[in-house]
Structures are given as C-alpha cells and as structure tokens.
Amino acid sequence: MKVRTRFAPSPTGFLHLGGLRSALYGYLFARKNNGSFILRIEDTDQERYVEGATQVIYDTLRDCGMNWDEGPDVGGEYGPYIQSERKDLYLPYARQLVESGHAYYCFCTKEELEERRQAAEARGEVFKYDKHCLHLSKEEVQRKLDAGVPYVIRQNAPTEGETSYHDIVFGDMTFPNDSLDDMVLIKQDGMPTYNFANVIDDHLMGITHVMRGMEYLSSTPKYNLLYQAFGWEIPQYIHMPPVMRDEHHKLSKRDGDAYYSDFIAKGYLSEAIINYLALVGWNPGTEQEFFSMDELIEAFDVTRINKSPGIFDVNKLTWFNAEYIRRMDPARYLEMVTPWFDQVLAGKGINYPRLAELMQERTEVFNQVPAMVAFLGELPDYDISLYTHKKMKTDAAISKANLEMIRPVLEGIGDWTEQNIHDTVIPAIAAAGLKNGAVLWPLRIAISGLASTPGGAIEIAWLLGKEETLRRVDDGLRRLS
RNA sequence: GGCCCCGUGGUCAAGAGGCCUAAGACAUCGCCCUUUCACGGCGGUAACUCGGGUUCGAAUCCCGACGGGGUCACCA
C-alpha cells in the first residue's frame with residue numbers, strides 16, 4: 001500500500017520550529033517510501049484564526065524544500081484540504097455512530113457539566129462524564145431533539161477492559177478503558193471537535209501513517225475505538241517527542257523567537273535550520289551530520305526517532321549555520337551579505353566583493369555582520385589601551401613610534417593594491433629591524449579602532465583606501481600624543 | 001491525583017548482556033598556526049538518576065523509588 005502522511009497545522013500564527021520539525025519528519029517519511037505528503041489546514045477554531053497564517057505555512061514549507069502532493073492550493077482527489085470547508089461532512093458520520101450505539105446525544109449543558117466537574121474536584125476526584133444522557137430513553141431523546149434542545153454528540157466509550165495499539169516509535173501501548181472519557185464528537189454548534197474531524201479526515205484522505213506529537217499518545221485509544229466503530233482500518237501511528245525550549249517547556253507559539261521566520265530574519269539559512277532540526281530527536285546511526293534534503297530522505301528511518309524530548313540548542317543551530325555559510329558559493333554569499341553590509345556601509349565606497357571574501361568564514365549568522373564591518377564606514381571611538389598587546393610586545397609609546405615609522409611608507413605607495421601594500425610594508429618593517437606584529441598591530445588598531453577585525457592591517461588598509469588609511473593613522477597618532 | 005511516556009556529560013546523541021576503562025558533534029578550557037579575530041590542527045574537563053534484583057557478567061533485562069514530560073475541554 002502506498003504510504004500517505006499528512007501535516008495538519010492550525011493557521012494560528014507563525015510556524016515555530018517544533019511544528020516545522022513535525023512537518024519535516026512527515027515529509028521525509030513520505031518521500032523515503034515513495035509515498036504522498038498531504039497538507040491539510042485545520043482551521044475549525046475560528047477564534048484562533050489569524051489572517052495570512054495559511055500563506056506563512058505554504059511559504060515556510062516551500063522555502064525549506066518541502067513540497068506537498070495534495071493540499072489546499074495544489075488540490076488533489078481527497079479535497080477539500082481546508083477543514084472549515086469540510087464542516088458539513090462530519091455530522092452524518094456522527095449520526096451513523098449514534099445509530100450503531102457507539103455514540104449518543106447529550107443534552108447536558110456546559111454549566112451543568114462545570115458544576116459536576118467542580119463537585120468532583122471538591123471531593124478530590126477526577127471528573128469523568130457519567131454517561132447520564134446515554135440512559136435517556138429513545139422517546140425522550142427524540143422529544144428533546146424535536147423541541148430543539150441544544151445537544152452535543154458523545155462517543156460511547158467502554159468502561160471495562162483495556163485497549164492496546166502499536167506505535168512505531170513508542171512500541172506497544174495499553175490503556176485501561178475506564179480512563180477513557182466519552183469525548184464530544186460534535187459540538188453544540190454542529191461543528192466537529194478536533195478529535196473527531198481528525199479521525200474522519202485521516203480516513204477519508206487515506207492517511208496510512210499518522211505522525212503527530214506524543215501528546216496524542218493517550219487519546220489514541222479513543223480514536224481507535226472510532227475507527228473500529230466505523231469498521232475502518234486503523235492507521236499506523238508514529239508519535240513524536242516534542243522539541244523543548246528548556247528542560248520544562250516545549251517550544252511553543254509563546255516563544256516568539258522560535259518562529260521560523262524570525263530565524264530567517266536574523267540571518268539563519270533554511271538548509272541549516274532543516275539540517276539541525278532533523279537531528280533533534282532523530283539520528284542516522286552514522287557519524288554523518290551534514291545532510292541535504294535528498295540525503296535526509298535517503299537516510300531517514302522512523303524507527304530511529306528518539307522517545308525522549310530534545311532541547312532546542314541555538315548554539316548548535318548557529319554552528320550549523322556558520323558551516324553552511326562557509327560552504328556556500330562565494331557569489332551567493334556576496335549576494336546575501338550585501339544588504340547587511342548596506343546597513344552600515346551604504347555609500348562608503350567599500351569594496352564589497354573583497355570584504356565578502358574576508359567575512360564569509362567569519363560569519364555565523366548574518367545579523368552579526370553589520371557590527372563587524374561598521375568600523376569601515378566610521379572609525380569608532382576607542383581607548384589607547386588597545387595599543388598595548390603583550391604578545392606583540394607593544395604599548396602606547398612603541399605603537400606611536402612604529403606608527404610614525406610606517407606612515408611615510410604608506411604614503412609613498414603609489415598603486416594602492418593589497419599586494420603593493422604588503423610588498424612595501426613588510427620589507428620596511430624588516431628594514432627597521434622590527435617584528436611584523438610590532439607594526440601591524442598598532443596599524444590595525446589605528447585604522448580600525450577594534451581589537452579584532454575581519455582581516456589584518458593590510459586588508460583593512462586596502463579596503464579603506466589610502467586617503468582614509470592615512471587619515472586614521474594620523475588620528476591614532478593624535479590619540480597617542 | 002488517576003492513566004501514559006521518558007531518564008547516558010551543559011546540549012544533541014551512539015549504545016539493543018561481555019567489543020564500554022562509555023563513541024561522535026555542539027558548547028567550554030588549553031596549546032599550536034597566525035599581523036588581530038575567525039578558520040584549521042592537537043589535547044583536556046565533563047555522563048550511564050538512585051536502590052534492589054536476574055546473570056559468571058548490566059548503561060543495556062526486571063521491580064521499586066526519585067525526577068521530568070504528557071493527558072484527563074463543546075482548544076486544536
């Protein structure tokens with residue numbers, strides 16, 4: 001049978017990295033098995049609806065290289081793929097269950113339920129619906145229905161025995177039936193609950209492998225009872241542990257910075273995000289850690305998904321990002337880094353291609369770039385203590401002397417190229433009987449005002465241009481006087 | 001609280017009874033390279049939650065405790 005998996009997000013805002021990883025695993029599993037990946041939008045909760053959220057889901061998945069075979073925008077033979085457009089199809093199924101005795105009408109009001117819930121709590125008990133309305137006579141039910149009394153439809157779950165199922169990652173699961181509550185299938189407004197819609201949709205859409213968060217582990221028996229009541233085949237289950245923000249909290253919509261779009265805005269690459277995310281909760285069983293999407297598909301094996309939650313480590317993501325940037329085609333890097341350069345260097349006449357070369361292996365995340373190159377646009381104010389460097393054997397006095405020595409050398413350079421600067425400056429230092437560092441350190445401080453810079457004194461001098469270089473050397477000399 | 005799941009270094013993790021004196025990666029620390037920083041190279045610190053079993057032998061199996069998470073909605 002052809003594998004069919006689905007990603008079924010609610011369009012409640014942005015896609016956070018935990019959700020993205022769920023989508024990824026579903027996608028990888030489908031592709032690995034030459035199956036279909038289906039996108040279904042679960043928007044039955046109109047209160048949580050956020051304008052444009054569906055588009056964000058599309059954009060994010062596509063951006064990450066995940067394409068779906070069926071979905072709201074691409075169609076498919078099992079549509080519609082937006083749950084709100086399917087709302088009329090659930091009630092008949094619920095009625096069918098009432099007919100067969102697997103469900104029943106319930107006229108208890110929310111208020112009554114709430115009272116009983118609180119009473120139970122006061123007694124220190126766990127509230128469980130007592131099947132009150134299950135015992136209404138057929139006539140009475142009909143009378144209420146005819147009178148237009150509001151109702152919900154509840155599942156009639158067994159109270160004795162136990163229900164078991166097999167989960168591909170968690171193994172065999174068994175739950176006592178008395179822990180099963182008679183969950184609501186159809187709400188008072190006629191809309192299905194998430195639980196019910198899910199079962200119906202997954203079946204109607206031919207989903208063979210239900211992949212979802214492990215928070216559904218304990219409600220799965222109730223779903224299975226539903227499948228059985230309909231005489232439908234129960235799908236395979238692949239429950240996945242959550243991605244955590246820390247030991248106690250999982251990544252959620254509340255953690256604003258866990259949104260995919262925020263990471264992209266900061267300058268993280270989608271390839272790095274996907275690569276990192278794939279490895280939180282799963283591993284290939286080999287030493288390989290860099291994976292393209294195709295390689296992930298090739299290596300993915302659901303049985304290697306871990307059972308325990310994984311904490312999201314932005315450090316490691318950042319490392320992956322830095323690695324991806326280093327391995328990037330230089331032309332692409334230049335293109336991507338240009339807007340970040342522009343933030344602080346627009347109109348300053350700095351040679352971007354050369355600066356990009358110097359910056360590429362030093363860039364971990366693009367948003368660090370402006371602060372690293374801003375000094376080229378404007379010399380920052382700095383303290384002369386920077387001139388003192390133990391290893392270079394420099395202090396303020398030595399720096400001043402060496403700067404005075406090298407200034408005329410620089411001034412005498414005709415063709416201001418890196419090669420010429422190097423070939424003039426290095427011999428001059430040797431001629432003066434000094435170590436390279438003794439001159440180049442103060443020079444770099446003078447023209448950058450920074451303890452660390454992308455590139456050394458010569459590269460920076462070239463980027464700055466002769467005029468600006470001399471101007472900054474003079475400025476340094478003034479500071480040292 | 002009932003039920004369910006999980007428990008290897010700070011983090012991700014390998015490990016499916018002897019190959020474990022417990023891999024690898026990130027982070028961290030040190031050294032080397034180097035005109036700074038970074039990259040790179042080398043090395044260090046750092047873990048089987050605890051207690052009982054089973055076994056000739058347990059990180060691996062069983063039980064219990066403890067810890068963490070989930071779930072018990074007319075939310076999804």
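This is a predicted model, so every value here is computed, not measured. Every heavy atom of this structure was used, including side-chain atoms; hydrogens, water molecules and symmetry mates were not. All chains are named by letter (A, B, ...) in the order of the sequence lines, taking the proteins before the strands, and each is independently numbered beginning at 1.
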Checking ring pair (Phe, Tyr, Trp, His ring centres under 6.0 Å) between Tyr216(A) and each of Tyr194(A), Tyr237(A), Tyr165(A), which is the one that passes?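 When ring pair (Phe, Tyr, Trp, His ring centres under 6.0 Å) is applied between Tyr216(A) and each of Tyr194(A), Tyr237(A), Tyr165(A), only Tyr194(A) qualifies.
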By ring-ring contact (aromatic ring centres under 6.0 Å, His included) - contacts of [X] (at least two apart):
X	answer
Tyr227(A)	none
Phe290(A)	Trp319(A), Phe320(A), Tyr324(A)
Tyr93(A)	Phe230(A), Trp232(A)
Tyr81(A)	none

For [N], give the paired nucleotide (Watson-Crick: N1-N3 plus N6-O4 or O6-N4; G-U: N1-O2 and O6-N3; both under 3.5 Å), or none.
N	answer
G57(B)	none
G24(B)	C12(B)
G30(B)	C42(B)
C72(B)	G1(B)
C50(B)	G64(B)

Roughly, in whole Å, what's the span from [atom1] in [X] to [atom2] in [N]?
X	N	atom1	atom2	result
Tyr194(A)	C75(B)	OH	P	14 Å
Ile305(A)	C12(B)	CD1	C1'	15 Å
Trp282(A)	A14(B)	CH2	P	11 Å
Phe312(A)	C12(B)	CZ	P	12 Å
Lys87(A)	A76(B)	NZ	P	14 Å
Met183(A)	A76(B)	CE	C1'	13 Å
Lys307(A)	U8(B)	NZ	P	12 Å
Phe290(A)	C12(B)	CZ	P	19 Å

Atom pairs, protein N/O to nucleotides 61-63 of chain B N/O, distance under 3.5 Å:
none

Checking all strands, does Met173(A) fall into the base, sugar-phosphate, or nothing category for heavy-atom contacts under 4.0 angstrom?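 Touches sugar-phosphate only.
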Across the strands shown, which category fits Glu323(A) at heavy-atom distances under 4.0 angstrom: base, sugar-phosphate, nothing?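 If one applies the 4.0 Å heavy-atom cut-off, Glu323(A) turns out to touch the sugar-phosphate alone, with no base involved.
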Could you pull out all residues at least two apart from Glu295(A) that satisfy salt bridge (Lys or Arg N to Asp or Glu O under 4.0 Å)?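 Result, salt bridge (Lys or Arg N to Asp or Glu O under 4.0 Å) vs Glu295(A): none returned.
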With a 4.0 Å cut-off on N to O distance, would you call [X] and [Y] a salt bridge?
X	Y	answer
Arg479(A)	Asp381(A)	yes
Glu42(A)	Arg212(A)	no
Arg40(A)	Asp202(A)	yes
Lys250(A)	Glu215(A)	yes

Do any side-chain nitrogens or oxygens of Asn306(A) fall under 4.0 Å of OP1 or OP2 in C6(B)?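 Answer is no, no contact under 4.0 Å.
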Are Arg304(A) and G15(B) close enough that a side-chain N or O sits under 4.0 Å from OP1 or OP2?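 Checking G15(B) against Arg304(A), a side-chain N or O does come within under 4.0 Å of OP1 or OP2.
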If I pick the [atom1] atom on [M] and the same atom on [N], what distance separates them, to the nearest angstrom?
N	M	atom1	result
C26(B)	G43(B)	P	14 Å
G15(B)	A25(B)	C1'	16 Å
C33(B)	A13(B)	P	38 Å
G70(B)	C29(B)	P	34 Å
C50(B)	A59(B)	P	11 Å
G7(B)	C12(B)	P	12 Å
C39(B)	U34(B)	C1'	11 Å

Distances under 3.5 Å between nitrogen or oxygen atoms of protein and nucleotides 45-47 of chain B:
none

Just list the side-chain donor-acceptor pairs under 3.5 Å for residues 166-175 of chain A, sequence neighbours left out, or say none.
unit_1, atom_1, unit_2, atom_2, d
His166(A), ND1, Asp172(A), OD1, 2.8
Asp167(A), OD1, Val169(A), N, 2.8
Asp167(A), OD1, Phe170(A), N, 2.7
Asp167(A), OD2, His239(A), N, 3.1
Asp167(A), OD2, His239(A), ND1, 2.5
Thr174(A), OG1, Ser164(A), OG, 2.9

Let me have a per-nucleotide readout for nucleotides 23-37 of chain B, 5' to 3', with B, S or -, counting only protein heavy atoms under 4.0 Å. BSBSS------BBBB
How would nucleotides 65-73 of chain B be written as a contact map, 5' to 3', with B for base contact, S for sugar-phosphate-only contact and - for no contact, using protein heavy atoms under 4.0 Å? ---SSSSBS
Any Leu97(A) side-chain heavy atom under 4.5 Å of Phe196(A) side chain: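 They are in contact (side-chain heavy atoms under 4.5 Å apart), so the answer is yes.
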Which donor-acceptor pairs under 3.5 Å do side chains of residues 148-157 of chain A form with protein atoms, sequence neighbours excluded?
unit_1, atom_1, unit_2, atom_2, d
Tyr151(A), OH, Arg95(A), NH2, 3.4
Arg154(A), NH1, Asp182(A), O, 2.7
Gln155(A), NE2, Lys222(A), O, 3.0

Selection from C39(B), C6(B), C12(B) that lies nearest to any side-chain heavy atom of Arg326(A):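 Shortest atom-to-atom distance from the side chain points to C39(B).
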Listed once per pair and sorted, the salt bridge (Lys or Arg N to Asp or Glu O under 4.0 Å) pairs that draw on residues 113-122 of chain A, sequence neighbours left out: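 The answer is Glu114(A)-Arg117(A), Arg116(A)-Asp130(A).
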Sub-3.5 Å donor-acceptor pair from the side chain of Thr163(A) to the main-chain atoms of Asn177(A), do we have one?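 The answer is no, because no donor-acceptor pair under 3.5 Å joins these two groups.
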